[in-house]
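Presented below is the structure to which this report refers.
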2 protein chains.
Amino acid sequence: MDLNKLLEFKYTPEINEKLVDYGFTKTFAEGDIILNENAYIKAIPIVMSGSIRVMRTDDDDREILLYYIKAGESCIMSFLGGIHQDTSKVKAIAEEATEILFIPIDKVNLLIKDYPEWLDYIFRLYHKRFEELLDVVNAIAFKKLDERLLDFIKKKCSINNNKTLIITHESIANELGTARVVVSRLLKQMEQEGLVVLGRNKIILN
Amino acid sequence: MDLNKLLEFKYTPEINEKLVDYGFTKTFAEGDIILNENAYIKAIPIVMSGSIRVMRTDDDDREILLYYIKAGESCIMSFLGGIHQDTSKVKAIAEEATEILFIPIDKVNLLIKDYPEWLDYIFRLYHKRFEELLDVVNAIAFKKLDERLLDFIKKKCSINNNKTLIITHESIANELGTARVVVSRLLKQMEQEGLVVLGRNKIILN
DNA sequence: TTAAAACGGTAACATATGTCACATATTGAT
DNA sequence: ATCAATATGTGACATATGTTACCGTTTTAA
């Protein structure tokens, strides 16, 4: 396994070797729950292929999408949670078939000590997540649902590099933290405006 | 200057000395803008006394409160921004008279290399901010304004350790990202329910 | 002292979103 | 083919929040 192209930090063969050596790989199918809220964290995950979506859930089962984790990235919340022996505050779900390399927490600390690039990688990811979270705050606080919905569709499409989304109104509603009827209503509107074409389980972006 | 009690990581005289040595101190009055959005970051701030509030602003001047930074804590966004030569995505304002120790970015990197406790301090703060941000997402996404308003008042009170808040409806509205009339309306309601007592520039929590 | 500015109260209304109820269409299982 | 489950469409209505307008009161500045 060669992490060179995946991870964004400067490659050294040693780090690669160490990571593969220390870690273990697991695969997940679409929809599998990788990390549950309040679960204890013993290893931090690096996405090797596929992608993950990270959700925040409310007390009464309402959820909202925070961000996606793509190949080469790590769930940085797990990382910090792991370091501080904390439980997870978020839920992670496989968006598609996904392969994950888990690095046990104690090994992570070893790596930090020995390889500054590794630390830099972690900081960079942290920064990225933080900004994405700020964007979420912005969206919920200041944007209306129709705009958020359109953004959502576009983002999903860009992940698959595809104009056609296979998804139900129901699950869109869940990810945006609203109700199914609301999504249906807005989508119908968008269809009339010519922004999308709708079908059962299907949305085509124009 | 002794940072022992302020910073939460294990104290060593060397770190203390280095920090004071590398850094420079500035003082701010209530309402002073410490960091503006899109400003370049050349040093990371550690709050020695007083407190700061960090806001996210929209394109059209709407703002929303993210979190407070209290004595002993650092604005971690600045930290990451600084490391990656980025501009700030947030705005920081002095809540009260505040004294800040600025550590230049290059020195920060030196310290990380030499003192693992310092790195741990940074990670811990990061974790804290991240979770606070998650709470903000939760609040905006799932809570109604009256609840957020009450939470806001309680939090402000707890900072000053005081049941009386000196603040205008206008500025509350700004921090919550809503309009003045809305805040006035809800406050009046809360007063009728016996939750608070209102006065000009004043809210007393029962 | 007087004018201007800041602060808060309130009504009326607009709009976005949530909720309920029910209809229809599509799919899948038996 | 039939039935059940799932996905969607739609109307009617409730509610939360945003907006505008205008008022009186208090504070501040000239």
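Chain naming here is simple, since letters A, B, ... match the order of the sequence lines and numbering starts at 1 in each.
- Annotation: side chain of Glu73(A) is in contact with side chain of Arg129(A) (closest heavy-atom distance under 4.5 Å).
- A donor-acceptor pair is defined here as one N or O able to donate and one able to accept, closer than 3.5 Å; such a pair exists between the side chain of Thr98(B) and the backbone of Ser51(B).
- Residues of residues 139-151 of chain A having a heavy atom closer than 4.0 Å to DNA chain D: none are found.
- Ring orientation note: the planes of Tyr126(A) and Phe130(B) are nearly perpendicular, at an angle over 60° on the 30°/60° scale.
- Put simply, the side chain of Arg148(B) gets close to the backbone of Leu176(B): a donor and an acceptor are under 3.5 Å apart.
- What separates CG of Leu165(A) from P of dT8(D) is a distance of 12 Å, to the nearest Å.
- What separates CD1 of Ile64(A) from P of dG18(C) is a distance of 10 Å, to the nearest Å.
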* To do: Could you go through the salt bridge (charged side-chain N to carboxylate O under 4.0 Å, His left out) check for Lys155(B) and Glu175(B) one step at a time?
  => CA-CA 13 Å; Lys155(B) 191 178 277 182; Glu175(B) 301 200 29; over 6 Å; no
* Structure fact -> Given protein heavy atoms under 4.0 Å, the one-letter contact record of nucleotides 8-13 of chain C, with B base, S sugar-phosphate only and - none, is simply BBB-B-
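- Judged by distance alone, with hydrogens and angles left aside, the side-chain atoms of Glu63(A) form no donor-acceptor pair with the main-chain N or O of Met55(A) at under 3.5 Å.
- Sequence neighbours left out, not one pair with a member in residues 195-206 of chain A passes side chain to side chain donor-acceptor pair (under 3.5 Å).
- Side-chain contact check for Asn160(A) versus Leu165(A): some heavy-atom pair is nearer than 4.5 Å.
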